[in-house]
Every structure is written in C-alpha cells, then in structure tokens.
Amino acid sequence: MLTTLWLLLCFALPVQESPFPISCPNRKQCQLALLSDNDIILHCNAPGAQWQFFTPLKTTWASNLTTNLNMVTMLNGSLLIKNPLPSHTGIYNCNDKDGKKVMRYEIDFQDVITLHITHKDLDQKPLQNESLSLSSKQFVFTQWEPWQDCNQCGKPGERKRLGYCYIQESLENAMPCWLYLGDEKVWSNRLRPEMQVETCHIPCTHIYAKYVIFDNFQLRNNMGSAWLTCPLGSIYRPVFWEANNLSLTWKDQLSGKSISTIMDSSNGGSWLQVFQSAIYRCFVQRELMAQFNSKVNVDPLKFLSSENSKQQPEAEETQKENGNSVLKGLNVMMLVGMVLTVLGCLLKQFHFSRRRERNKMFLVK
C-alpha cells in the first residue's frame, strides 16, 4: 500500500534537484570556492539564526542588507541559497538569536557558464597556470577537488572532479579568484572553473533503491525535445543517465558522438535534454532515482480509423464500435473499483462503530 501511494505521489509531484550541504568540519570559519547556479545549504546549527551577507570590494568589505529572494533561513538555522550568482560572492555570517557569531563562510561563486570541461580519455588538457599582473606579480592556477565516486559499477563508468580558479601572490596564501579580486575589473580567459572527467571501473556492492520516481515526458517544443531532471542530482554528486539501457557518457558528448541527448554541464548532467522517445533512467551515487517514459497521446478511435482508412465503411464502423466497447468496459471497471473502495471504507467504519458500541456496553456493565 505504501509503495502504491509513493508511486501515485511521484506522478503528481514535480521532479526537482536537491541542494548540496556545505559545512566547515571542526571549524567555525572557512574559505570556499563553489559554482554558480547550483543550490547549496550553508550549515549553521543555531535555531533562530540571523544571517549577514557582505560583498567584497577592492579594499574592504561592504555590508549588503538587501533582501535576497533566493536565500532562505531554515528552521535549524542553516541557509538555503538557490541558484547563486557570481554576484553572491562574499562573506556569510551566521549569528545565533543572541547575536553571537556561530559560523563564517567566505565563498566565491565562480561562473559556471565559463566552466572548462575536459576528458582524460580524449587527451583533452586542463588549463595551464598563468601570470596575472596587477599591482604586483600574481599567478592563476586551478585548485582541484578530490575525484567524485564512479557513477557506475560492474561496468565502465565515469567520474569527475571540479577545479576552481585560485590566485596566489608571492608567499601569501592562495585565495579563490574573485574573493581576491573583489570589484577589480580584470578580464582573462584563465579566470574560470574547470571540470575534468575520466573513465572508471569498480566492482558492485549491493545498493538498495529506496524510492524511485516514475514520470512521463513528451517531445514538445520546436526542436522536438524535452528536458528531464534527475532528483537529488547535483554537480557535486556523481550522476549517470541511460537510454534504453545504453549508457550516456561525457566522452561521447564531448567527442560529438552523442546526437540524441545533451547533458547540461552547468549542473553536472543533472538535467538531460532528449530529442528521441525512449526509456530514460538516472542514477545518483549509483542509486536508481527516476525513470522517464515517453508519453504518446493517441486517440484509440482515431488510431483505429487511420489504420484502416482503406477498408470498407462497414469494417470501419465495426472497429469503431469495438473501440467504443473497449473504452466503455474500462470505464465500467474503474467505476466498479471506485464503488468497491467506497463500500469497503463504509463497511470498515461500520465495524469500527459497532466495536466502539460494544466497548461502551462492556464498560457500563
């Protein structure tokens, strides 16, 4: 029964991405580089917390008291930031209800639109270190995050890692590029984040698929395509898609071999644009999350008549009557099912009322 209810809810609810949680382990302050347009939650264990946001300027930090519609303080005190922009780069202070500072995040939201993507198997090279001349000598480099888990097991899969733009000046500690630059007007093709992909192969351990969403889609727009969203998908998590049991890979997409699907690089492939009807399935951290079936709107009577347009009118009329009979039969079955359900509920309520009456009588005695 619970499984049935879950499936019915899955058909009714929109499929959405899941924000990625960010925290500073064993510290109350940290400096991070992240990607724009990807939802995150800044952890702060302080119910009733108040958040302050400061934007970086060239020489100081300016308080930004403007209410941001894409930022929501959660009940536990954490801050949800939806679709962060590069302009949201700055300092985020979490204060408890007494005004005491609990957490401090210095975050550079680097522009995901400029993401540089390479695949090791295609012999594509990441960005090289470069010099940057401002008031003194600096150099720009990519600081890589650890490799994410392989997105498949038991067969060849892929894994990715994210790299962020950092600037280092002489012996000073390196900083994320736009936390360092502030409002400095600098143009360089090197000032951008990266994503690197490689093939991987790991054995399988048993993974339970707790809840799987089943949804339908239809090719609608002028391009004859549709967008599918993988639940819990994020650029910070390993995501995998397959179409009719065939793997969709970054290698095929970057080499131009994939022509019927496009994984959106701005969210690590959590969104998939499809141009053909098929059964699409998505996995997050190797766990099946959703299956998308192509939806075809076909009128049974129109289908029957079009298939047999060359037949005699008598035959067409007979098939139309058969189609009507089938539809009537289905309607009757649905009606009977509804009536039986209502009767079952009434009978259950009747027995429950009778049992209460017996209990009352027993208590009176």
Side-chain angles (χ1 to χ4, degrees), residues 1-21 35 37-41 80 82-83 112 117 148-160 162 195 197 200 202 204-221 223-253 258-298:
M1 184 63 181
L2 289 176
T3 303
T4 303
L5 290 175
W6 170 253
L7 292 178
L8 292 174
L9 287 173
C10 290
F11 279 112
L13 296 175
V15 178
Q16 297 181 346
E17 294 177 88
S18 174
F20 189 77
L35 293 173
D37 294 336
N38 287 269
D39 300 351
I40 63 165
I41 294 177
L80 169 64
K82 296 185 66 65
N83 298 317
V112 74
I117 307 174
Q148 296 179 12
D149 291 340
C150 192
N151 62 7
Q152 273 290 75
C153 69
K155 58 182 178 180
E158 291 180 322
R159 64 176 185 172
K160 66 179 184 287
L162 302 174
M195 184 175 83
V197 187
C200 55
I202 62 172
C204 284
T205 56
H206 193 68
I207 298 178
Y208 294 94
K210 297 180 181 179
Y211 303 108
V212 180
I213 292 178
F214 293 86
D215 201 358
N216 295 326
F217 72 93
Q218 188 172 9
L219 305 179
R220 294 183 180 276
N221 55 31
M223 297 179 61
S225 69
W227 281 99
L228 310 179
T229 302
C230 189
L232 300 185
S234 168
I235 199 168
Y236 306 112
R237 299 187 181 101
V239 179
F240 170 74
W241 287 91
E242 63 180 20
N244 291 335
N245 297 320
L246 297 177
S247 300
L248 304 179
T249 65
W250 287 106
K251 182 179 179 180
D252 287 345
Q253 179 165 316
S258 177
I259 59 175
S260 61
T261 59
I262 298 177
M263 292 183 288
D264 190 342
S265 59
S266 67
N267 46 61
S270 298
W271 296 355
L272 180 72
Q273 187 176 18
V274 301
F275 298 89
Q276 291 182 358
S277 296
I279 297 177
Y280 296 93
R281 299 199 300 169
C282 76
F283 301 75
V284 177
Q285 294 175 331
R286 299 189 297 277
E287 181 178 336
L288 177 61
M289 287 288 127
Q291 176 172 306
F292 301 88
N293 303 308
S294 56
K295 181 180 179 181
V296 181
N297 292 327
V298 178

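Using a 4.5 Å heavy-atom threshold, the side chains of Leu219 and Val274 count as touching. Within the 4.5 Å cutoff, the side chain of Gln273 has no heavy atoms near those of the Asp264 side chain. Taking the side chain as every heavy atom from C-beta outward, Ile259 and Phe275 never approach each other to under 4.5 Å. Put simply, the side chain of Asn83 reaches to within 4.5 Å of the side chain of Asp39, judged on heavy atoms. Here the side chains of Cys282 and Pro231 are in contact, with some heavy-atom distance below 4.5 Å. Side-chain atoms of Asn38 and Tyr236, non-hydrogen and from C-beta on, do get closer than 4.5 Å to each other. Side-chain contact between Phe292 and Leu272 is absent, with no heavy-atom pair separated by less than 4.5 Å. Asn151 has its side chain out of reach of Val239: every pair of non-hydrogen atoms, C-beta onward, lies at least 4.5 Å apart.
If you take NZ on Lys160 and CD1 on Ile117, they are separated by 10.5 Å, rounding to the nearest 0.5 Å. The distance from the CG atom of Asn245 to the OH atom of Tyr280 is 12.5 Å, given to the nearest 0.5 Å. In this structure, the separation between OG1 on Thr229 and CG on Asp215 is 9.5 Å, given to the nearest 0.5 Å. A distance of 6.0 Å separates SG of Cys153 from CZ of Arg286, quoted to the nearest 0.5 Å. Atom CD1 of residue Ile41 and atom NZ of residue Lys82 lie 9.0 Å apart, to the nearest 0.5 angstrom. Note: Asp37 CG to Ile235 CD1 = 9.5 Å, rounded to the nearest 0.5 Å.
Using cut-offs of 30° and 60° for the angle between ring planes, the Phe283 and Phe240 rings count as tilted.
Within the 3.5 Å criterion, the main-chain N or O of Lys251 finds a donor-acceptor partner in the side chain of Glu158. At least one donor-acceptor pair under 3.5 Å links the side chain of Trp241 to the backbone N or O of Gly269. With Arg237 contributing its side chain and Gln285 its backbone, the two residues share no donor-acceptor pair below 3.5 Å. Remark: side-chain polar atoms of Ser270 are not paired, donor with acceptor, to backbone N or O of Cys230 under 3.5 angstrom.
Checked against salt bridge (Lys or Arg N to Asp or Glu O under 4.0 Å), Arg159 has the following partners two or more places apart in sequence or in another chain: Glu198.
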**Audit row: Leu35, Met195, side chain to side chain contact (heavy atoms under 4.5 Å, CB included) steps and yes/no** = CA-CA 11 Å; Leu35 293 173; Met195 184 175 83; over 6 Å; no
**Item:** side chain to side chain contact (heavy atoms under 4.5 Å, CB included) between Leu228 and Phe217, intermediate numbers included
**Value:** CA-CA 8 Å; Leu228 310 179; Phe217 72 93; 3.7 Å; yes
**Request:** Take Ser247 and Lys155, measure what side chain to side chain contact (heavy atoms under 4.5 Å, CB included) needs, and give me the verdict at the end.
**Result:** CA-CA 10 Å; Ser247 300; Lys155 58 182 178 180; 4.2 Å; yes
**Item:** Pair Leu248-Gln253, side chain to side chain contact (heavy atoms under 4.5 Å, CB included): steps then yes or no
**Value:** CA-CA 8 Å; Leu248 304 179; Gln253 179 165 316; over 6 Å; no
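Using modelled atom types and a 3.5 Å distance limit, the side chains of Asn293 and Gln291 yield a donor-acceptor pair.
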